[in-house]
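Atoms considered below: every heavy atom in the structure, side chains included; atoms not considered: hydrogens, waters and symmetry mates.
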Amino acid sequence: MWHTCQFTRHIGGEGMPVTAPEGGRLRSERLRKLKELREQGVNPYPYSFRRTHLAQELQLKYAELPPDTETEDVVKVCGRILNERNTWLFVDVFDESGKIQLFCHKQSLPQTDIERLRLLDKGDFIGATGTIRRTKSGELSVRVTSYEILGKSLLPLPLTWDGFTDVEARYRHRHVDMIINPSVRETLKKRSIAIRTMREFLDARGFFEMETPVLQVEAGGADARPFTTHHYALDIDLYMRIATELHLKRLIIGGFEKVYEIGRIFRNEGISTRHNPEFTMLELYQSYGDYLELMDFTEEMLLHIVEKVCGGPQVQYQGTMIDFTRPWRRVTMRDAVLEVTGVDANAITTMDEARKCAAELGVELQHQETPAEVINAIFEQKVEKTLIQPTFLIDYPVEISPLTKRHRSNEALVERFELFMYGREHANGYSELSDPLDQRQRLEDQARRKAEGNEEAQPLDLDFIEAMEYGMPPTMGIGVGIDRLAMLLTNSPSIRDVIAFPTMKPKEPEGA
RNA sequence: GCGCCCGUAGCUCAGUGGUAGAGCACUCGGCUUUUAACCGAUUGGUCGUGCGUUCGAAUCGCACCGGGCGCACCA
C-alpha cells in the first residue's frame with residue numbers, strides 16, 4: 001500500500017534514508033513552513049514549556065463560567081493542535097487530559113503572531129498564554145496573548161470526518177492511532193492501572209517481585225515452542241523463556257515464601273485475536289499453601305482489580321455480563337465433560353474407547369497417548385467455550401500436568417485448576433509438585449515425548465530437579481494472563497487492542 | 001499451519017473489460033472579530049507486487065507480499 005510505505009519510510013525508521021517520496025506533497029508543504037519559521041528566527045523544536053493548567057483542570061475550574069464572559073485569569077496551556085476553524089481564529093488543543101480551545105484574535109495578538117499562524121498545521125504542538133473566557137457559543141477558551149510552537153509536525157494526521165479505521169494501518173502506526181482514536185489510550189491506561197493494582201495487592205500481602213532470566217538454556221515450565229536466539233561470546237544457542245515457573249520455584253526453595261513476577265513471556269506459536277508471540281503473565285508462588293487456598297486468593301485478587309478498574313464486580317464484555325462476585329463456580333474436569341458431552345471420563349479406560357469417543361464427538365486428536373489426554377482434548381474442543389462466567393475447572397489428569405502435585409485422594413489426578421471466563425483460559429494454578437523423585441520421573445517422561453517429536457513437551461531441567469532435591473515446602477502457584485485480563489476489563493475484542501505495539505509481520509520481505 | 005474475505009489519493013470509499021473518480025484533508029483565493037465540518041479554484045494515484053490472458057486490465061487468471069476474521073495451538 002503506497003500510503004503505508006510513506007508512513008514506513010518516515011515514521012517506521014527502518015534504517016532507510018529519509019527522502020521526500022514521490023508524491024510527498026503534504027510533507028513538502030510543511031517543510032516549507034518549517035524553513036520559513038527558522039528564517040524568522042523561530043525554533044520549531046524548543047526545549048520546554050511551563051504550563052499552569054491541564055485542559056481538564058480548566059474545564060472543571062471554570063465549569064460555572066457563563067457563556068460570553070471574559071475573565072482576567074491568566075493561564076498557560078500546551079498540547080497538540082488537532083483542529084482549527086475560521087482561519088486560525090479558533091484552535092483546538094489537546095493535552096493528555098482533554099481539549100481546550102484557543103481564541104487567537106488580532107485584538108489580543110501582535111500582527112506578526114497573527115501572520116505566523118498560517119505557518120502552523122494540525123498536528124503541531126503549541127504552548128499558549130492568555131486569559132480565560134467562555135465564548136458566546138459556550139466553548140471555554142483561552143484568549144491568546146502570546147504563543148510559541150513547541151514541535152512542528154511534518155506528516156499529516158488522518159484527521160478526517162471518516163476517521164482512521166484501517167486495522168492494519170492502525171496497528172502499524174499505533175502512535176497515530178492513539179492521537180486519532182482516544183479510546184486506544186484509554187484502553188492502555190486501564191491495562192496499566194490493572195497491573196499497578198495487582199502489584200499493590202501483592203506487595204501489601206508481603207510478596208516480593210522478582211526478575212528471572214529471559215534467556216535460558218532450556219525453556220521449561222510450560223508446553224510451548226520457544227523462540228531461539230544466539231549468544232556470540234559464548235557461541236551457544238539460547239531460548240527465550242516460555243514461563244517463569246521453574247526459576248520462581250527455585251526462589252521458593254531458596255527461602256522466599258511469597259514471590260511473583262509480572263513479566264514478558266515468549267511463545268513461538270500462532271498469532272490470533274487471543275495470542276501475541278510476546279505477552280505478559282503474572283506468576284506467583286507462596287509457600288505452605290495449596291490449590292484450594294489459591295482459588296480463594298485468586299478470586300480475591302481479581303475481584304479487587306475488576307472493582308478498581310471498572311468500578312464494580314461486573315464487566316460488560318462483547319455484550320455479555322461477566323460477574324466476578326465471589327464465590328466462583330468450581331467444577332471437576334470429569335463433571336464438566338460429563339455435563340456437556342455425556343461422556344464419563346471414569347468409564348473410559350483404553351485408548352480404543354477414547355479414540356472412538358473422540359471421533360463420535362468430532363474431536364480432533366494429535367499427540368494424545370492416554371485416555372486422560374483424550375478427555376482433555378474433548379474438554380478443550382467441546383466444553384471450554386461454554387464456560388462464560390468465572391469458573392475454576394479442577395482436578396486434571398496427571399499426564400498433562402508434569403509440575404503439579406498428585407491429588408490427595410486420587411493418584412490419577414493432580415491438584416490443579418484453570419480459570420475460565422468467556423470461554424477462554426485466563427489462569428492456571430496448582431499445588432506445586434515438591435517431591436523431587438516424582439518430579440524427575442515426570443520430566444523424564446516429558447523429555448521422552450519431546451524426543452519422539454512432540455515439540456511442546458517439556459525439556460528435562462536438571463538444575464531445577466537438583467534444586468528440588470534440597471527440599472521444597474508445600475507451595476501454591478498460579479499464572480495469570482495479563483493481556484487477556486486486560487481484554488476483559490476494557491471490552492477489547494482483540495489482544496492487539498491491549499498491547500501498545502503488537503507483533504506485525506514486516507511489510508517488505510527481509511533484505512528487500 | 002488450514003479456510004474465507006480484503007488491499008484504488010494523506011484519510012474514508014466508489015469504480016468489476018474501454019480516457020482512474022468522489023468526499024474530506026492540503027495549497028491558493030473569497031467571505032468572516034465568536035465557530036468554517038462554508039463557498040470557489042487548483043493539486044494530489046507504480047489502482048499491494050510480479051507474470052499471464054486480451055486490440056485493451058484497477059477490473060479476468062496464476063503466483064507472491066501484507067492484513068482481517070474463523071479454525072488449530074495455547075495464556
Side-chain angles (χ1 to χ4, degrees), chain A residues 1-8 10 21-30 32-33 67-68 70 83-92 101 103-109 114 118 121-123 133-139 141 143 155-173 176 180 222-225 242-243 265 267-283 364 366-367 377 380-381 384 418-421 424-428 455-456 478-485 487 493-496 504-510 512:
Chain A
M1 218 179 296
W2 183 87
H3 63 267
T4 306
C5 289
Q6 193 203 29
F7 269 123
T8 303
H10 296 295
E22 215 54 43
R25 181 176 46 90
L26 301 176
R27 185 167 178 271
S28 300
E29 274 302 329
R30 293 172 180 231
R32 177 182 63 75
K33 292 174 180 175
D68 200 17
E70 297 268 355
N83 199 12
E84 155 272 326
R85 285 175 298 282
N86 217 336
T87 323
W88 295 94
L89 182 60
F90 304 100
V91 181
D92 290 341
Q101 176 173 274
F103 179 67
C104 300
H105 197 267
K106 56 188 174 188
Q107 282 178 352
S108 319
L109 273 167
I114 289 290
R118 70 186 175 79
D121 284 290
K122 291 168 193 173
R133 65 192 303 265
R134 192 177 289 282
T135 64
K136 204 173 280 183
S137 57
E139 190 69 38
S141 309
R143 174 190 280 277
L155 288 171
L157 291 166
L159 287 164
T160 64
W161 192 230
D162 307 300
F164 183 50
T165 57
D166 182 87
V167 179
E168 177 179 357
R170 288 182 58 198
Y171 288 138
R172 285 191 190 279
H173 310 291
V176 175
I180 303 300
D223 306 324
R225 285 174 57 184
I242 57 172
I265 301 296
R267 295 190 182 173
N268 208 339
E269 289 166 357
I271 295 178
S272 77
T273 49
R274 292 170 294 279
H275 303 83
N276 198 60
E278 52 178 306
F279 63 101
T280 303
M281 190 155 69
L282 161 74
E283 283 199 44
E364 289 178 26
Q366 287 185 338
H367 291 290
E380 287 177 352
Q381 292 176 45
E384 196 173 294
E418 289 189 335
L419 172 62
F420 289 88
M421 298 184 279
R424 299 171 184 166
E425 185 182 346
H426 278 77
N428 181 14
E455 290 189 75
E456 292 180 350
I478 188 174
V480 180
I482 299 295
D483 310 85
R484 287 189 181 174
L485 180 61
M487 287 169 70
S494 170
I495 196 168
R496 290 182 153 173
M504 299 290 282
K505 198 166 180 176
K507 287 290 281 188
E508 304 296 333
E510 287 295 317

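Taking atom P on both B/G48 and B/U27, the two are 28 Å apart, rounded to the nearest angstrom. Spacing between B/A58 and B/U54 at atom C1', rounded to whole Å, works out to 16 Å. Rounded to whole Å, the C1' atom of B/U49 lies 29 Å from the corresponding atom of B/C71.
Using a 4.0 Å heavy-atom cutoff across all strands shown, A/Arg133 reaches at least one base atom of the nucleic acid. Counting any heavy atom pair closer than 4.0 Å across all strands shown, A/Lys106 reaches no nucleic acid atom.
Distances from the side chain of A/Arg172 to the nucleotides B/C73, B/G66, B/U35 place B/G66 closest. The side chain of A/His105 sits closest to B/U33 out of B/U35, B/A72, B/U33.
Taking only distance into account, the side chain of A/Thr165 never meets the base of B/U12 through a donor-acceptor pair shorter than 3.5 Å. Evaluation of atom-type donor-acceptor distances gives no pair under 3.5 Å for the side chain of A/Arg134 against the base of B/U34. One can find a donor-acceptor pair under 3.5 Å joining the base of B/U35 and the side-chain atoms of A/Gln101.
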Step by step, would you call A/Thr135 with A/Gln101 a side-chain contact (heavy atoms from CB on, under 4.5 Å)? CA-CA 10 Å; A/Thr135 64; A/Gln101 176 173 274; 3.9 Å; yes

Taking only nitrogen or oxygen atoms into account, show me every contact under 3.5 Å that the protein makes with nucleotides 24-28 of chain B, one pair per line with its distance.
residue, atom, partner, partner atom, Å
B/C26, O2, A/Arg25, NH1, 3.0
B/U27, OP1, A/Lys33, NZ, 2.3

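With the nearest nucleotide of RNA chain B identified for both A/Pro277 and A/Ser494, A/Ser494 has the one nearer the 5' end. Two residues, A/Thr135 and A/Lys505, neighbour RNA chain B, and the one matched to the more 5' nucleotide by heavy-atom proximity is A/Thr135.
Under the salt bridge (charged side-chain N to carboxylate O under 4.0 Å, His left out) criterion, A/Arg32 pairs with A/Glu29, A/Glu36, not counting sequence neighbours. The salt bridge (charged side-chain N to carboxylate O under 4.0 Å, His left out) test applied to A/Arg143 returns A/Glu70, not counting sequence neighbours.
As rounded to whole Å, 14 Å separates atom P of B/C65 from atom CD of A/Glu168.
OP1 and OP2 of B/U34 both lie 4.0 Å or more from every side-chain N or O belonging to A/Ser137. For the OP1/OP2 pair of B/A72 and a distance below 4.0 Å, the side-chain nitrogens and oxygens of A/Arg274 include no atom meeting the criterion. For A/Thr273 and B/G70, the shortest distance from a side-chain N or O to OP1 or OP2 is below 4.0 Å.
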